[in-house]
Protein chains: 2
Amino acid sequence: MGTAERREREKLRRRTDIVDAAENVFFSKGFENSTMDDVASEAELSKGTLYLYFKSKEELYLEIVHRATKILSGLFLEAVKNKTTGLEKTKAIGEGFIKFNKEYPNYHNAFLYHQTKQYDEKLSADLESSVFGVKRQSMEIFVDAIKSGIKDGSIRETLDPVKTAVLLWGETTGILMLIKFKGKLLRQNLNLSEEELISYFFEFTYQALKTN
Amino acid sequence: MGTAERREREKLRRRTDIVDAAENVFFSKGFENSTMDDVASEAELSKGTLYLYFKSKEELYLEIVHRATKILSGLFLEAVKNKTTGLEKTKAIGEGFIKFNKEYPNYHNAFLYHQTKQYDEKLSADLESSVFGVKRQSMEIFVDAIKSGIKDGSIRETLDPVKTAVLLWGETTGILMLIKFKGKLLRQNLNLSEEELISYFFEFTYQALKTN
DNA sequence: TCAAATAAATGACCGTTAGTCATAAAAAAG
DNA sequence: CTTTTTTATGACTAACGGTCATTTATTTGA
């Protein structure tokens, strides 16, 4: 009989519901300020039940990061479509990053926060590595764009695709973090707006990538 | 009589001792895993006393970031000395960043962690702004280097000194963070070492800055 | 030198929160 | 309908940041 399968589905469904609840709570109050009781109440469950589905508050959080990572990966794929040269693709990926920041600010915050954490080796190795798996996908899209740019002559052929992708990933994250955490100071003290900095970054990087 | 002055000195001395103790504890166990009781015991004081000198655990931490920032600023000054062209100065500042990372890893960690936090507006406005003051100094050294490079013709004249300094600051932080938090994954999954990535970053950036 | 006044230090205590576990309710199996 | 298994509960614990009434040490003024 299909009882077992149904139960499996229901279990998964409950898991998803809990993550949804956690998302609502974390996104509205911030991760640090949210309590597991908040999440339990939002999910209309008791706190104990949460721990039947997740090992810790952190694992719940990682699940959200997983969602974020999948969204970003999707944005990358979409960005690359309909672009001709590799350079254009690469630029589009950068714009995908910005779109992520603009259209999914909560997921992006979760994602940034995650990048500044190292997790317990053993504890959540599975989830962490599955997150990394999706990130790897995004990275591959990135690497492919650069490779194709080198092939079609739009990107300098002295560049190394993998290194460049990692580099741009790190740089972009750095800039977006700077904006997120110190954006106000930049505006007030240096009279530099978010948009200016981003477009300057794009221009600077574009020049460094393109063939002369 | 000089009693008041002496007491003032002693108070300051105690403050310093507490920060020293906090440093030992935070650096060895990590900020999150350290308790105020740990710090108190390291400082050979009771916990209550800590709160006579610092408003919170976070303020204690900010004090360490302040030290870190001063060190970085000093490294920048030292780096710029004896360099002739602005481009060389700029590169030397980048190397100063790396030196900070290599020679003062604990301070650098504190510094990075700080960059990913936004603090209570009111609570520690004084200290936060004094930290920002020192950072501003570093930033000025950076901006001056780029300006001089534009003047002496070693750096592309289409670049904006302030924007470029902010940009490079953000990029460098991004790369160092990537290495710190995901360095192991980069090595294992992409076979990319820390040193390779850094030198690639330098080369890439150098090309983007220099006049053709 | 000593008592009053002031400053510095203490540690028991409080409120909060992540995580646990014995118990109960619900569902499935036979 | 009874037994077994699964799922859910919420009172409880341990740990920690921060507070405050009380104690201890130091300074002041006569």
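Small disclaimer: the values here were computed from a predicted structure and weren't measured.
Between Leu45(A) atom CG and dA26(C) atom C1' the separation is 14 Å, expressed in whole Å. Between Tyr61(A) atom OH and dA18(C) atom P there is a gap of 15 Å when expressed in whole angstrom units. One atom, CG of Leu50(B), and another, P of dC20(D), lie 17 Å apart when rounded to the nearest Å. At whole-Å resolution of the value, OH in Tyr53(B) and P in dG17(D) are 20 Å apart. If you take CG of Asp37(A) and P of dA11(D), they are 11 Å apart, rounded to a whole angstrom.
Interatomic distance, Phe26(B) CZ to Tyr61(B) OH, rounded to the nearest 0.5 Å: 9.0 Å.
A sub-4.0 Å separation between OP1 or OP2 of dA28(C) and a side-chain N or O of Arg6(A) is present. An OP1 or OP2 oxygen of dT7(D) is reached within less than 4.0 angstrom by a side-chain nitrogen or oxygen of Arg7(A). Remark: Lys47(B) is not in phosphate contact with dG11(C), judged by side-chain N or O atoms under 4.0 Å from OP1 or OP2. Neither OP1 nor OP2 of dT19(D) sits under 4.0 Å from any side-chain N or O of Tyr51(B).
The pair Asp20(B)-Arg13(B) does not meet the salt-bridge criterion, since no charged nitrogen lies less than 4.0 angstrom from a carboxylate oxygen.
Note on Phe54(A): nothing from the nucleic acid sits closer than 4.0 angstrom, heavy atoms only. Across all strands shown, Thr49(A) has heavy atoms under 4.0 Å from base atoms, whether or not it also approaches the sugar-phosphate.
Across dT7(D), dT9(D), dG17(D), the shortest atom-to-atom separation from the side chain of Lys11(A) is found for dT7(D). Distance from the side chain of Thr35(B) is smallest to dG17(D) among dG17(D), dA18(C), dG18(D). Comparing dA8(D), dA8(C), dG19(C) by their nearest atom to the side chain of Leu52(A) picks out dA8(D). Distances were taken from every side-chain heavy atom of Ser46(B) (C-beta onward) to each of dA8(D), dA9(C), dG17(D); the shortest belongs to dA9(C).
Residues Tyr53(B) and Glu63(B) bring no donor and acceptor atom of their side chains to less than 3.5 Å of each other. Under the 3.5 Å distance criterion, with hydrogens and angles disregarded, a donor-acceptor pair is assigned to the side chains of Tyr200(B) and Thr164(A).
Projected onto DNA chain C by closest heavy-atom contact, Gly48(A) and Met36(A) fall at different nucleotides, the more 5' of which corresponds to Met36(A).
Between Tyr104(B) and Phe111(B), a ring centre-to-centre spacing not shorter than 6.0 Å is recorded.
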